[in-house]
Amino acid sequence: MSDARSEFSQGWKVVVASALGIGTGLSPIPFYTIGVFVAPLTAEFGWAVDQIMFSLIIMTLGAVVMGPIAGMLADRFGVRPVVLASVALFGLTLAGFALSNGSLTLFYVNWMLMSALGAGTLPITWTRAVSNWFNTHRGLALGLSLLGTGLFGAGAKLYANYLIGEFGWRTAYIGLALLPLLLSLPTAYFLFRDTTDAKAKGAPVRQAHRGLTLRQAMKGYRFWLLAIAFIPISFAVGGPIPNMERIFTSKGIDVQQAVQIASIIGPSVIAGRIIGGWLIDRIWAPGVAFVILSLPAIACWLLTGDATTPIVATFAVILIGFAAGVEYDMLAFLVSRYYGMRAYGAIYGLVYGFFAIGAGFGPYVFGRIFVQTGSYDQALFVGAVVLLTGAASLLLLGRYPDPERFPAAEEK
């Protein structure tokens, strides 16, 4: 308990800034809110749901390319300047959607710009500092830092839906852009420091310089197992989330109730963050991951067929949200435990690229199958099967390496 007090007394500012920065960043805001923009964009421009969901693939490509680069820049120049610049640029490009004129090409270009310039707001950067400040209670600290995705994921969905209803979808995009610009940017400026920063007092700098290089990590089987396993996991967990409103309305649930049920994803993600983070500090993380990340398979099965009631839909959202609450911090925790912190940004950035592939293609594939078949059932069934496969493969990671045996930065 004294270790927990010591770590949190020194690193709480980083946790708070990270929670706000991640929560209003590229990871949750576009992903969780795109569903409520489908109807107004379709009504004004005639775009189909799969054309709009294709935007997430565009965002994925940007994250795949720029995520590792943002991580490398954070390793090389420090995480703080990367974070501050990226938060500002993400907010500006998000506001740019208010200028959409009906051209899908320009719409997609703006998605690419937002994902490229906003890559520094991904968990890749923020979690580097959190993992450096925390060791004994790293899982819980990461879970608390990633609470923002649940808080702002659900809140942003309701917030955007309200703005659309009252002022229109263009104003809604501007309102969303104000979240990173007015909340996370000033908070990060005053509170966010990595342990290696000159103004970081009482920071455990030693562990920040120990670990494998990216090249060393890529030579081992664990790197590729971790990267490939998270493709089906992120596909199956992420695929239903932006499509939830459409999934529920296709089952006969009215639009407003569908949005309200879908918003439960937020509290569910929060529960997953806290409980999952607490568990992985105490129990072998791949085992925890297998159990929790298998839950959405049950949810996908429950949502198939024509007998989905609001109660069943609510339970399914809770299961999906709880698993979604474990994804990011589980990935960050595993990278830090198996590879150390020396090249954390580069390693996590590259693995995150694989994660982003599944998360980006999942919503599009779900939406495309709905357009072609008029039902989400086929996508939900496939999602359940591949999710179980990906979660089970994590059990092959083996024991954590001894952190004291990681080479220091000055060692060859």
Side-chain angles (χ1 to χ4, degrees), residues 13-41 44 52 55-56 58-59 62-63 66 70 80-101 106-123 125-126 145-192 241-242 245 259 262-263 265-267 269-270:
K13 293 180 181 179
V14 176
V15 171
V16 170
S18 297
L20 199 55
I22 294 172
T24 60
L26 180 65
S27 176
I29 296 297
F31 184 78
Y32 280 95
T33 61
I34 191 172
V36 298
F37 284 99
V38 168
L41 291 175
E44 181 151 346
I52 297 171
S55 303
L56 294 180
I58 302 295
M59 188 174 76
M66 293 303 297
R80 189 168 185 269
V82 174
V83 160
L84 293 177
S86 194
V87 168
L89 293 171
F90 168 69
L92 293 175
T93 51
L94 181 59
F97 286 114
L99 302 176
S100 297
N101 60 3
L106 292 178
F107 186 69
Y108 292 154
V109 166
N110 199 59
W111 275 88
M112 178 59 76
L113 286 173
M114 181 181 68
S115 61
L117 299 176
T121 69
L122 293 170
T125 52
W126 305 94
S145 299
L146 287 154
L147 278 181
T149 57
L151 292 170
F152 285 94
K157 184 188 288 285
L158 296 174
Y159 174 52
N161 189 59
Y162 167 77
L163 291 177
I164 291 171
E166 294 294 323
F167 307 104
W169 62 268
R170 296 181 190 275
T171 300
Y173 271 122
I174 295 175
L176 287 175
L178 293 177
L179 296 178
L181 293 175
L182 298 184
L183 295 180
S184 64
L185 186 59
T187 303
Y189 181 83
F190 289 108
L191 298 184
F192 189 73
I241 293 177
E245 292 86 357
V259 172
S263 68
I265 192 77
V269 168
I270 293 171

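Since this is a predicted model, take the numbers as computed values, not measurements. When reading the values below, keep in mind they use all heavy atoms of this one structure, side chains included, and skip hydrogens, waters and symmetry mates.
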State the CZ-CD1 distance between F167 and I174, to the nearest 0.5 angstrom.
12.0 Å
From T125 OG1 over to I22 CD1, what is the distance, rounded to the nearest 0.5 angstrom?
7.0 Å
So which heavy atom on G175 is nearest to which on Y159, and how close?
O-OH, 3.2 Å
Quick check on the 6.0 Å ring-centre criterion: do F97 and W169 meet it?
no
Under the ring-ring contact (aromatic ring centres under 6.0 Å, His included) test, which residues partner Y32, sequence neighbours left out?
none
Least distance between heavy atoms, K157 atom then V36 atom
CG-CG1, 3.8 Å
Heavy atoms, side chains only, cut-off 4.5 Å: are L146 and W126 in contact?
no
Okay, side chain of Y173, backbone of A160: is any donor-acceptor separation there less than 3.5 Å?
no
Validation: residues 182-190 side-chain donor-acceptor distances under 3.5 Å, sequence neighbours left out:
residue	atom	partner	partner atom	Å
S184	OG	T24	OG1	3.1
S184	OG	P180	O	2.9
T187	OG1	L183	O	2.7

Calculate, to the nearest 0.5 Å, the distance between atoms CD1 and OH belonging to I52 and Y108 respectively.
8.5 Å
From CG (L113) to CE (M59), nearest 0.5 Å:
14.0 Å
Could you pull out the closest heavy-atom pair between G120 and V82, with the gap in Å?
CA-CG1, 4.2 Å
Keeping the roles fixed (side chain from S86, backbone from V83), state whether a donor-acceptor pair exists under 3.5 Å.
no
So, does T121 use its side chain to make a donor-acceptor pair with the main chain of L26 at under 3.5 Å?
yes
Derivation and outcome, side chain to side chain contact (heavy atoms under 4.5 Å, CB included), residues V16 and L191
CA-CA 8 Å; V16 170; L191 298 184; 4.3 Å; yes
Where G62 and S115 come nearest, the two heavy atoms and their spacing
CA-OG, 3.3 Å
Measure the CZ-CZ distance between R170 and F37 for me, rounded to the nearest 0.5 Å.
11.5 Å
Are any of the side-chain heavy atoms of L20 and F152 separated by less than 4.5 Å?
yes
Hey, does L56 have a side-chain heavy atom less than 4.5 Å from the side chain of W111?
yes
With rounding to the nearest 0.5 Å, note down the distance linking CG in L176 to CG in L181.
11.5 Å
Taking N161 for the side chain and V259 for the main chain, is one N or O donor matched with an acceptor at less than 3.5 Å?
no
Can you name the nearest heavy-atom pair linking G23 to I29, along with the distance?
O-CD1, 3.6 Å
Minimum heavy-atom separation for F90 to G118, with atom names?
CB-CA, 3.9 Å
